[in-house]
Every structure is written in structure tokens, then in C-alpha cells.
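Notes follow the structure.
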Amino acid sequence: METVNTTPSPTAPAIRLRSLHKNFGQLAAVDGIDLTIQPGEVVALLGPNGAGKSTTIDLALGFATPTAGTAELFGGEPRAAIETGRVGAMLQGGALLPTMTVAQSVALIAAAHRHPLSVSEALERAKCTEIAKQRVSKLSGGQMQRARFAVAIVSNPDLLILDEPTAAMDVEARRTFWQSMREFTDAGRTVVFATHYLDEADAYADRIVMMAAGRVVADGTPGEVKAVVSGRRIRASFDFAWSPAIEAELYELPGVRSIDHRGDVLTLVSDDSDAALRTLLSHHQDVHDIEVTAHSMDDAFLALTASASKSVPDAIERAPRIEAEESTLIGDRS
Amino acid sequence: MSIAYLGLESVRQLKNVRSTVFTFAVPLVMLLLFGGIYGSSGQIDKVTGLPWIVVTTVQMAGYGGMMAALGQAFTIVTERSVGWNRQLRLTPLTGVGYLMSKVVAALAVALASIIALMVISVIVFHASLSFGGWALAALGLWLGVIPFALIAVLIGQFAKPQFAQPLFMVVFLGMAILGGLWVPLSVLPDWMTNIAQVVPSYWLNRLGQMGAGMGGDILEPVLVLLGWTLVLGAFITWRYRRDAARQ
């Protein structure tokens, strides 16, 4: 391992991971990650289960020792940043004690920190004031996450790491949560959140880092990541009988990448959707209820994570079919 | 390490009603039972030369203190399984600091249990001993509880949640019986009395009785209990280092 400068610097990146690896036996959970996150960025960490998100977070916090590579927070050892209270986190498998109240939990964690916020301020910022006196065991899923958020921010951190913060929340609870997160980060704090909800990543992050099989497969603004999947999708109902001849004919339309049909609805992905649609309509009067949509974050996610699995040896035989499978999945979703 | 954290953690443990049943109610019931049957007659114990009720009170206070300390094993196991210690790792509290906070909390709860049992015995049975005698007995018991706080930490480090309960039962039954905390060793077979010489609970009781009698050769219990403390401390350190290295 390289030697690391242990003095946290105010101008250093909030997070810097350099060729980070972590193996568990034969499994490479994190397989070479280079990632720099600057102060003030709000970054979503996206990826399917087993992509290595939680392991990466553990490595960044110094909770686990990397097999190779380094992790720094604010230019120093993660532990140094934690000790000065610059890091707050909601982690997987990190919960509050069921016998304590929300306020007691926040107070106990605050007591362990050197320069914490007041307990009431942390509770207020996490919208926990009205549940402050409730026992943790009596909280609903959404209230529990808010209580954990209060605990995470009590050290008044510059960097917040949230591992699936809105899991087990209903729509209203998720909206309230993101609102309080926004208020807390408006002051230029850095946030990294892992999520399964693509719409959250799209709506709340300035930057999306997509992971699959222990690697970063995409890194950019939500717009950039969505643009990875080119073309638009045309969906339409048809009255003609489906046949291989018609399918072959449809593949001749301009820019077509994939075609799928289900009942009397066809889904067609084209790099030149305008031309494809004009040609389709001029040849088939019996096509109706037409929808043309841009790719969603879901599509980008599926395309990127599926192509990452190509590099996994046992998926090689599936590789030639991936394009078709992808479009089937996309068709299924909408 | 944060004094504020230590204080708050100890207060929290003192208020934990469920563990109070273990640490306090059982020895209290035993004290009331034994005291009620044999207590008020003013008999003198032959071994220590103290009133029988005083000997029994020290014995039960020792038992209560030991249980209070051992009870920390559950606290640690629960906190580990819930993930609370992951939350604590995001604070300046170190792993050693965490274990220290459990030892301090164990000693706080144990002291409360010891004093409460003695006060109740004085009120209910008018157990007569000088204030100095009670104070030294309590001090002796309290210091004697240190190895049990370490045993609790060790169980907390090793045991999976489902094994904590049986392991705890074996340890506390063994310690309570072999150490003569439940019934005097004089009524037990000789071979058990011999084994008793190596268990810390025997010396915990002896140290308490010497305190109550304000005399005796305290070097022997102190050395045995110190030996236990050092051995347990070494095990805990070894385990802690291994856990840290494996991450």
C-alpha cells in the first residue's frame, strides 16, 4: 500500500479512491475502482445488488482494508476524517438500538463526537422532532430512516454517505426525506448515496456513478448517463398479422437497433426515430396509438449493467443475445 | 475518550429495566428468602466470625454484582447483532474505547446492585455491621467484579446471538455455585471446594467477607483476581486485534 498523508486538507477531494480492490476469497467484490468526488458534489451510486456498492462504501470509510489500492477522505486516512466528525453515514446493517428513544440515540452518538450539533437541532433538521420521544422499536420504516438520518448528521458532517436511505419508505416519506437531505446539503456539503431507485438518482444527484460487478461502468451527469443508450423507442399497436417477413421488413427501417412484439403492440428502438416512424406510417396504415419516448434512466441502467456482465466469464455465451434481451426488458418495463 | 459518552452509556445501562431483573431481583429474592428463614436469629458464622446475616448479605451482593457485570455480555452481543457498533465506528470512539465503556458500565451497574442489596439487608434484617465494614465489603466486592466485566466482554466478542444465552447460563451457574455465592461451600462436597479455589467468584466473595470483617490476608484474593484480570485482558486484546486484522 502507498503511504497516505494523514492530514485532512480543506481543499482535497471529499473522497478519492485509487485502483481500489477488495476480494472475499475468490470473489472480487470491488475490482479496480478509481473515483474522485469533490466537495459539494451530490453523487448517486447506482447498481444492482452485488455490484459492490456497500463494499466500496465500507472501504471508503476505512471499515474494511482494501486488498489493493487506497481510499482517502479529505486527503487523509478515512479514520482521521471520522474522528474530526467530518463524515456522517447511514449504512447497511447499521441500526439503532430498539430499546432507546430517537432522542436518546441521537444524544448518545452526539456524546461520542467532539463538536456535535445540539440534539434538538439534529432532530429538527431530520424532521424527527415529533418522533423524538418514541422508542426505536415502535418506528415505521420511514420514521426509522429519518431517525438514522438524524444520527448521521449530528456530527455536523461535511460528507454524508447514505447507503439506500429510502429503502422501506413510501412515496410521501421518500419525498420528505429528500427534502430534508436537500436542506442539509444546500450549504455545500458533499453527499454520496447508493440507491435502487433510478428516478431518485435522476432527480437528486448532480452526478451518477453506475457500478456493476465491482467496477464503475458509467460516470457522468444524469443526462450523460442516459445518453449512453442512444436512440428513441417507438411503441405502437398494429392490426396486421405478425410474421417473420414483416419482422424482416421492419428491420429495414432507418436506424433500427431492436424490435420486440407482444400481442398487438410492437416496440422498436431506432437511432433515427423520425425517419423510422415516417417510413413505418407510409407502409402500414394499420399502425395506431403511437408513442415515441426518449430512453429513461432505467434503460441506461439495464444496458450498462448488462454489458458489464459480458466481462464475467460465465456470461460469455450470453453475450451475442444481450442486445435482444435488453430490448425485451425495456419493452417489459413500460 | 469522551467522558460524556461514558456517563451517558452508564446511565442508560442503569435504567435498563430488563437487565435489572437479572442483576438485582434474583439476588434480592434469595436474600429475602434465606434471611427470612435463618436470618434474624443473630447466629455467628464460624468461618468469618461475622453475623450469619452479614455473611449472606455480602454473598448475595457479590452475586448481584457479578450478574450485573456478566449482563454486559448481552449488551455487547445485542449491539453487535443490531449494528449499533457500526454506527459507533462513525464516531471518534475507538474499538478499545467501546470495550472500555462496557467495563465502566458493568462496574457502575454492579456498584448499584451491591449497595442496594446491602441497604435492603440493613433495613429489613437489621444486619449489624459498622459503616466501615459495609463500605470495605462493598469496595472489595466491587473490585472483585472487574474480572467478570472482562468475562462479559469476552463473551460479547465471541458469542453469536443464539449462543450468548446458553454460554451466559453456563458461566453464571458455574460461577455462582462453585464460588459459594448461592450456598456456603461448607455444605458442598470437598472436591467442589477444591475447584472453588481457582474460580474468581470464590475470591470475589472472600474479598467481600474480608472487607466486612475489616481484616484478613487480602493478598491472596487480590493476586488471584489480578491473575484473572490479566489473562482475560490478554485474551480480549488478542481477539480484538484479530478482528481488526480480518476486516
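Values below: all heavy atoms of this structure, side chains included; hydrogens, waters and symmetry mates excluded. Every chain is numbered from 1, with letters handed out A, B, ... down the list of sequences.
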Side chains of A/T99 and B/T78 in contact at under 4.5 Å (non-hydrogen atoms)
no
Using only non-hydrogen atoms and a strict under-4.5 angstrom cutoff, which residues of residues 106-133 of chain A touch chain B?
A/A107, A/L108, A/I109, A/A111, A/A112, A/H113, A/R114
Quick one: are A/P98 and B/V82 in side-chain contact, heavy atoms under 4.5 Å?
yes
Distance col, row B/L93:CG vs A/E83:CD, nearest 0.5 angstrom, shows 10.0 Å
Working to the nearest 0.5 angstrom, can you tell me the gap between A/Q104 CD and B/R12 CZ?
8.5 Å
Salt-bridge present (B/R86, A/D58; N to O < 4.0 Å)
yes
Check whether more than 12 heavy atoms from other residues, nucleotides or ligands sit under 6.0 Å from atom OH of A/Y204, and answer yes or no.
yes
Residue set satisfying side chain to side chain donor-acceptor pair (under 3.5 Å) with B/S10, at least two apart, ordered chain then number -> none
Tell me the closest heavy-atom pair linking A/L96 and B/Q87, and the distance in Å.
CD2-NE2, 4.3 Å
In terms of heavy-atom proximity below 4.5 Å to chain B, should A/M90 be classed as side chain, backbone, both, or neither?
neither
Between A/P157, A/A152, A/A89, which has the largest tally of heavy atom pairs under 4.5 Å with chain B?
A/A89
